[in-house]
Amino acid sequence: MSISETIAAARKIVVKIGSATLSKPDGTINIAFMENFAAQCAAMNKAGKQLALVSSGAQVAGISTLHRWARKTDMNYRQALCAIGQVELMNEWSGAFRSCGLHIGQLLFTKEDFSDSRRALNMRNTLFTLADEGVIPVINENDSVACDEIRIGDNDNLSALTAVLWNADVLILFSDIDGVYTDNPKTNSEAKLIEMVDDIADLKKGITIGGANGFGTGGIATKIEAAEKARAYGIPMILANGGSPEALDALASGKLRGTLFLPPRQAE
Ligand code: GLU
């Protein structure tokens, strides 16, 4: 199955958008991107697909709203920034989707929520209800309550947990990288994009994750963890560059390349 075939076959799609994709080079939230992205989601929704969004960017939005605390590393300040930024972020998403005729619903999760069966069941029911009623769930970690012990810590893993919780058909991670490469493309012009992964253990043997050669730093490790989580439940994962023009449409029509992590049943 190719990336476009995987998306064509999917009814329930979880899309994760990273902070780098959501922000402009000056550190402010990229509203034009959000509007354009919401329009692509709305078109897919009209075509019968359900989408759930995992959106990072609370901290970035907090800093760009306050113009303060950018260098504060204390937990209380980071959590306060997320509390401020989450409101701004949702305000922008709400406006972007509303102009396409869609409503959004906010869900903020912590790691503990996923391991508590009662909470997880309620989260699952809310997700199903929102999506079934044509509302777009927009999910983030509940950063202002999650301390180190109960943090998922990154939205790659959060989006995989969400995809499993919702029984999604595919998970798409939009990042600022094109996919997984054989080597660091910034330093090795021979590095090739790996377009399909059917054995993650093999992939890990072949690449250095965050190692001395610099390849894989900037989050490949959490992306591979997310792929492993999704794969364990038979959910394929696509990693692609969210900054590409009309990234969602381009992936769906086969115009944008990325890395497709196949689930075991398709790989065999
Ligand atoms: N929850 C964090 C935020 O919204 C982002 C975590 C991540 O990007 O992985 O700022």
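Worth knowing before you read on, the calculation uses all heavy atoms, side chains too, and leaves out hydrogens, waters and symmetry mates. When a ligand or atom number is given, it counts from 1 through the structure's own listing order.
Against a heavy-atom cut-off of under 4.0 Å, Ser56 is close to the following atoms of ligand 1: 4 (O), 5 (C), 7 (C), 8 (O). Close approach of ligand 1 to Asp154 is summarised as follows: ligand atoms under 4.0 Å from at least one heavy atom of the residue are 9 (O). Within ligand 1, counting atoms from 1 as listed, the ones closer than 4.0 Å to a heavy atom of Ala58 are 3 (C), 4 (O), 10 (O).
A side chain to side chain contact (heavy atoms under 4.5 Å, CB included) with Phe261 holds for exactly one of Ile235, Val197, Asp199; it is Val197. Considering Val164, Asn157, Thr162 as possible partners of Phe114, the one that fulfils the side chain to side chain contact (heavy atoms under 4.5 Å, CB included) test is Thr162.
Taking atom 9 (O) of ligand 1 as the reference point, the nearest protein heavy-atom neighbour is Asn155 N, 2.7 Å. If you check which protein heavy atom lies closest to atom 2 (C) of ligand 1, you get Asp143 OD2, 3.6 Å.
Side-chain atoms of Asn140 and Gln86 form a donor-acceptor pair, as typed in the model, at a separation below 3.5 Å. Between the side chains of Glu246 and Asn36, at least one donor N or O sits under 3.5 Å from an acceptor N or O.
Annotation: Asn140 places an N or O atom under 3.5 Å from an N or O atom of ligand 1; distance criterion only. Taking any N or O of Glu141, backbone or side chain, none lies under 3.5 Å from an N or O belonging to ligand 1. Considering backbone and side-chain atoms alike, Asp156 places every N or O at 3.5 Å or more from each N or O of ligand 1. Residue Gly153 has no N or O atom closer than 3.5 Å to an N or O atom of ligand 1.
Asn155 has its side chain within reach of Glu141: a pair of non-hydrogen atoms, C-beta onward, lies under 4.5 Å apart. You'll find the side chain of Leu260 reaches within 4.5 Å of the side chain of Leu262, heavy atoms only.
Using 4.0 Å as the threshold, Gly57 has a heavy atom nearer than that to some atom of ligand 1.
Atoms CG and CG, on Asn122 and Leu127 in that order, are 11.5 Å from each other to the nearest 0.5 Å.
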